[in-house]
Every structure is written in C-alpha cells, then in structure tokens.
Amino acid sequence: MRERLFPRWGAALFALLPLSEILYLPVDGQTMYAAALACLICALLCAGGAKLAPLWRQYRVLRWALALFTLWPLTASLARMALFLRRTIFPARPLWSLVLLLTVCTLCIAIAGLNRCAMWALPVAWIAGSVVVLSGLLTMGGLHPAYWQPPAASLIEQTGRILNALLPAALALSVSLPDNLAGAAARGLGAGGALTALISLRAALLLGSHTAGLLPYPNFSAAGLAAVGDFARHGEVFFAVPLLLCELGRAAVLACVLLLPVTHSYGVLHLPGKEQKKDA
C-alpha cells in the first residue's frame, strides 16, 4: 500500500518554498507587499493545481513532462545556494565544488522518497519560522518607522519577480502530490508568505531602502543586527542555517518529483511491478 502524505506534512513542504526565498530576496519599501501578494497568487494557483494532480498522474507523458519542467527550479535552487555560500561563508571554495556538494546532499535526501522528505520538512519549517520570529523580536528596538513606504507602482514589477522565483517549484510540487492537498498547499504558502513579508519589512525598517538595495543579501545582513552578547555575535549565522535547510529541503522535494516517473513511489526508492503495469 502506497504511503500517503498527511496534510501537515504537505503544508510544511509548501511552507519551505517562500521561507527559502528570504535569504535571497532583494529588499526595498515595496518588498513586503510584493511578497505577500505573490504568495497569495501562488497559493491560489497551487490549490487549483493540487486538485488536478490525480488526473495529471494518470499519463506517463505528463509525468515525464513535469519531471523535465522540474529541472528548472531544481537547478535554480542549487545554483543560488552555491552562490550564497560562495559569497558569504566559503569565498575561497570553487563554485563547482559547492554545486557538486549540494547536488550530492540533495540526491541523498531525495532517494528516501517524497513522503519522508515531507516528514523532515515539518520540523525544519517550525525551526526556520521560530528563528525568523526570534530574529525579528531581537531587532525590534532598532526599527525605524520613518523607513516605511506605502504601496507604489513598482509593486507589480516586484510581485512578478518573486512569482517567477516561487511559482515553478510550487506548481511542480502541487501537481505531484499523492492526495488532494489543495488546502495544505494554500496554508503552507500562506504561512511561509506571511513570514517572508514580515522579515522583508523588518530588513527595510532596519536598514532603509537605500542601504538594503546596496547589499546582495539584505535579509541575511539585517539578521546580524540581532547579536546578543558574545554567544550570538553572528546572528546572521543562526538565521541562515535553518533557511538553508529550507532551501535544501526544497531542492530535495523537487528531486523527488524529478524521480517520480522512474520510482513510481512516494516512499522509498523502488520499482514495484504493479505500478509499472498500470502506467498509461
């Protein structure tokens, strides 16, 4: 009997998607609005995609098309993780070695199956969300309300950029789930989107739009202002580690979707004969 994803696991999978964006998101006065709007649009589209998932999985050609489509967000995840590590933590390491290491880690997680990746996503999402909230609380005293900006015309352009980064992975996942988890997709994206919007607002109010625009990773840099004594001198490290785990989880889930036409399973990697006979 095929293992099934429970709603909480499915919601955690979708929550990883916007949470992993926090590290890389450029920040200005419109980012909070754009992140919230993009996640709302993405949640609606993915809820519809989840309802179509049973029909989509009936045809082998569609499963293979989805697997090929998944290569786009998967390679994007691996590349941006490697670039982040190269620019911040391992400046002396060759970029190709970081990409190779991340690819190996992703595949090692993915061969356990989508079901087990979802089990792993639930605690990771909670840890990442807690760290984001704690980082916001620790920097509350440094916020400058004068940096706040109302919505402007650039909001639409920013929303499009965030959707371009978020939607491919979310759609690939929404039409790959073993059960109808439209509600879980909407809840996960909604929760992750809310945290993404709040943390981008925090960075804008801490750094100001001009300063944030000069930094390659403003949310990561703003987390460094949360240092408390000697123990948390590098607050950005405590902020980055769980969010990198979110990104690694996102890449592993996409790798599971990529392998589904071959594995025919949401659990451990195997090739059951009955599933092969049912393929269209």
Side-chain angles (χ1 to χ4, degrees), residues 15-39 77 80-91 124-152 154-155 157-159 161-166 189-250:
L16 294 186
L17 303 181
L19 284 176
S20 63
E21 298 290 334
I22 294 177
L23 276 176
Y24 318 102
L25 208 60
V27 172
D28 62 21
Q30 305 303 307
T31 306
M32 177 191 70
Y33 310 111
L37 181 57
C39 287
S77 286
R80 67 182 188 172
M81 268 195 295
L83 283 172
F84 174 81
L85 293 173
R86 178 74 166 76
R87 292 173 178 174
T88 57
I89 304 173
F90 303 111
V124 170
W126 274 108
I127 292 171
S130 300
V131 169
V132 166
V133 171
L134 179 62
S135 175
L137 292 175
L138 291 176
T139 53
M140 190 71 70
L143 301 180
H144 302 282
Y147 291 152
W148 178 82
Q149 297 178 13
S154 60
L155 169 63
E157 182 181 354
Q158 279 212 40
T159 301
R161 288 201 297 267
I162 297 174
L163 268 176
N164 186 56
L166 182 61
L189 286 166
L195 283 173
T196 303
L198 289 175
I199 206 66
S200 62
L201 174 65
R202 189 279 304 262
L205 294 182
L206 279 174
L207 303 173
S209 298
H210 178 70
T211 302
L214 299 176
L215 299 171
Y217 304 107
N219 287 317
F220 173 74
S221 300
L225 302 177
V228 180
D230 293 333
F231 174 73
R233 184 176 299 276
H234 298 290
E236 67 275 8
V237 175
F238 295 95
F239 179 81
V241 170
L243 295 177
L244 280 173
L245 288 177
C246 288
E247 180 78 18
L248 189 61
R250 163 192 164 120

Please report the shortest heavy-atom distance between Asn219 and Phe239, naming the atom on each side. O-CE2, 3.7 Å
Taking all heavy atoms of Pro18 and all of Leu189, pick out the closest pair and write down the distance. CD-CD2, 3.9 Å
Find the distance between CE (Met140) and CG (Leu206) and round it off to the nearest 0.5 Å. 9.5 Å
Assess the pair Phe84 and Tyr217: is the distance between their ring centroids shorter than 6.0 Å? yes
Contact check, side chains of Arg202 and Ile199, non-hydrogen atoms, under 4.5 Å: yes
Using a 4.5 Å cut-off on heavy atoms from C-beta on, say whether the side chain of Leu207 contacts that of Pro218. yes
Is any side-chain heavy atom of Leu244 closer than 4.5 Å to a side-chain heavy atom of Leu85? yes
Table please: side-chain donor-acceptor pairs of residues 145-152 below 3.5 Å, with sequence neighbours left out.
unit_1: Trp148; atom_1: NE1; unit_2: Tyr33; atom_2: OH; d: 3.0
unit_1: Gln149; atom_1: NE2; unit_2: Ser209; atom_2: OG; d: 3.2

For Leu166 and Cys39, the nearest pair of non-hydrogen atoms, with its separation, is CD2-SG, 3.8 Å
Euclidean distance, Leu205 CG relative to His144 NE2, rounded to 0.5 Å: 9.0 Å
May I ask you to decide if Gly208's main-chain N or O and His210's side chain share a donor-acceptor pair within less than 3.5 Å? no
Heavy atoms, side chains only, cut-off 4.5 Å: are Leu195 and Val133 in contact? yes
Listing request: all side chain to side chain donor-acceptor pair (under 3.5 Å) pairs with a residue in residues 15-28, at least two apart in sequence or in separate chains. Ser20-Glu247, Glu21-Arg80, Glu21-Arg250, Asp28-Thr31, Asp28-Gln158
Closest non-hydrogen atom pair, Ala38 against Leu163: O-CD2, 3.4 Å
Heavy-atom closest contact (Leu19 atom, Ala128 atom, distance): CD1-CB, 4.2 Å
Could you give me the CA-CA distance, side-chain angles and deciding distance for Val124 and Leu248, then say whether side chain to side chain contact (heavy atoms under 4.5 Å, CB included) is met? CA-CA 10 Å; Val124 170; Leu248 189 61; over 6 Å; no
Beyond-backbone contact of Ser200 with Ile22, side-chain heavy atoms, under 4.5 angstrom: no
Could you tell me if the side chain of Val131 sits less than 4.5 Å from the side chain of Val241, heavy atoms only? no
Non-hydrogen atoms of Cys246 and Leu16 that approach each other most closely: SG-CD2, 3.6 Å
